[in-house]
Number of protein chains: 2
Amino acid sequence: MKLPVYLKIAADIREKILKGELRPGDAIYSEHELCREYNASRMTVRKGLAILLNEGYIYSIQGKGNYVKEPEHDKYVLYFNEIKSITGKVNNMKLLKADIIKPPVDICNLLQISESKNVVLIERLFYEDDEPVAYDKKFLVYFKGMPIIEKELIFYTFPELVAKSFDVYTMKKELTIYAKMPDEFLKDKLKISELMPLMVVEQKLYNKDNRPVGFGTVYFRGDYFKLFAQASLSDDNNKKLVKENFFSP
Amino acid sequence: MKLPVYLKIAADIREKILKGELRPGDAIYSEHELCREYNASRMTVRKGLAILLNEGYIYSIQGKGNYVKEPEHDKYVLYFNEIKSITGKVNNMKLLKADIIKPPVDICNLLQISESKNVVLIERLFYEDDEPVAYDKKFLVYFKGMPIIEKELIFYTFPELVAKSFDVYTMKKELTIYAKMPDEFLKDKLKISELMPLMVVEQKLYNKDNRPVGFGTVYFRGDYFKLFAQASLSDDNNKKLVKENFFSP
DNA sequence: AAGTGGTCTAGACCACATC
DNA sequence: ATGTGGTCTAGACCACTTG
């Protein structure tokens, strides 16, 4: 056990907050006092505090001090992936369409492009064994030399596709999730005969200049889809915590 | 413009990654080289790199160097709150039940308690004007001296309730989200006559010792519920999301 | 004026990778 | 043996808040 000092400092204060010895709004010992208490330099103390800042336990006000923060009850980390979020195993995919088209009006608005511009339309079906479980429709802003390779179109997820076509990093991604009843078209595609809701996930992707580059909608059979999310106060940050953390707002 | 040096370093390298000059797996200039390049001390350089580490752009291997990381395409930040996730405005709530009961078997398993232990059962209805839009059922592990105040039960969200009863910080929270058709009971409670799916959100809360302390299920009318999530590559996005979505400390 | 946090330096020693 | 990242020091100056 040779825990670095800054981790010890962070762990001690975190424990005090968790135990309720320090309540939201309370001031923490000043950095100078903590230096004395742990016989550590200021940088070491600040590194410890930076971890707690990053985890959302504390905040600091220049010239005043560090304070315990009201917890964010509503924040979760969600892992979504149109293939892996299906409860079973997707073992088959079918490419229904991969065309370069003039976009419909609603897509023009969403992607902020004119109607004369080209977009790539991709339609796919995901299967578990022989059961269709999800129908997938995507629009990608087209540019010359865009690599449209059928093998990629079938197996890649939406952000992966965009990453291949544009930059490695998609800067911003937005999800909208809701439930709805299938219309006749989707009932047919997903072979739904009984009473069955759909889960709809809309994905909008932006490049680093904050321009929309893609819009996709996935319709999942309700009985094959579940989303899981987890609160991110501390557990998720533990890996980072082991390494290093120290930065500022 | 007197940007701190460490932010400048982080911004420069982030830009190179975003532009594709640095690709996943590539090594970054060593910290020593960056010190020379920016005429900065090692601690300042490391602080800049720590930001990128924290944002998920890079990772580091001791004794080798810092490397550009493969982006996490599937990670999103989700803000969920059983009251504010309703698309309209919840302006009325009704407490249907608030009892101390012996838990049913499935809840015993979920909360890891014996059937002889007491749990608090809370049932609520959320209204938009006179329309019921969500039905809410929660189980909380009971302990002596637990403050059960009707006013609190009506207006607090689940994590807030648990926070009041146990600790300020709920250590771990898990969400499961899926769609389903309403049964007769829910059709009646939510006054559903037409074909209408439900969004179901299950919440499981743990205390800091990783013991389950509460399990709740919220059934939303499908037409009143939408979830929004956003990718979390840069921490700036998160803070914006917090600000825009709501939250006042 | 005194105390606080925010930035930064110029070193140091250690653990680990590679050769 | 050399270079890398990981931890840490003992100062410094600045900006800010409060008396």
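In the text below, chain A, chain B and the rest are named by the order of the sequence lines, each starting its count at 1.
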Subject >> Whether over 12 other heavy atoms sit under 6.0 Å from B/Y38 OH >> reply: yes
Original post:
Can B/Y206 and B/E174 be counted as having a side-chain donor-acceptor contact under 3.5 angstrom?
Top reply: yes
**OP:** Could you tell me whether the side chains of A/E202 and A/Y178 share a donor-acceptor contact shorter than 3.5 Å?
**Re:** yes
Original post:
Looking at A/I122, A/L95, A/V218, which hits side chain to side chain contact (heavy atoms under 4.5 Å, CB included) with A/D136?
Top reply: A/V218
Measure from the side-chain heavy atoms of [X] and tell me the nearest of [options].
| X | options | result |
| --- | --- | --- |
| B/K47 | D/dG6, C/dT7, D/dT7 | C/dT7 |
| B/K64 | C/dC8, C/dT18, D/dG5 | C/dT18 |
| B/S41 | D/dT9, C/dA10, C/dT7 | C/dA10 |

Nearest whole angstrom, please: distance from the [atom2] of [N] to the [atom1] of [X].
| X | N | atom1 | atom2 | answer |
| --- | --- | --- | --- | --- |
| A/H32 | C/dA2 | NE2 | P | 14 Å |
| A/I58 | C/dG6 | CD1 | P | 9 Å |
| B/L3 | C/dT7 | CG | P | 10 Å |

**OP:** I would like to know whether B/Y67 and B/Y59 meet ring pair (Phe, Tyr, Trp, His ring centres under 6.0 Å); could you show each step before the answer?
**Re:** CA-CA 5 Å; B/Y67 299 88; B/Y59 64 96; 5.7 Å; yes
Original post:
Honestly, is A/K173 close enough over B/Y76, meaning NZ or CZ under 6.0 Å from the six-membered ring centre and within 45° of the axis?
Top reply: yes
For nucleotides 11-15 of chain D, which of its nitrogen or oxygen atoms have a protein nitrogen or oxygen under 3.5 Å away, and what is each distance?
from	atom 1	to	atom 2	distance (Å)
D/dA12	N6	A/R42	NH1	3.4
D/dA15	N3	A/Q62	OE1	3.0

Original post:
Under a cut-off of 3.5 Å for both distances of each Watson-Crick or G-U pair, what dot-bracket string does DNA chain C give, using [ ] for crossing pairs and | for inter-strand pairs?
Top reply: ||||||||||||||||.|.
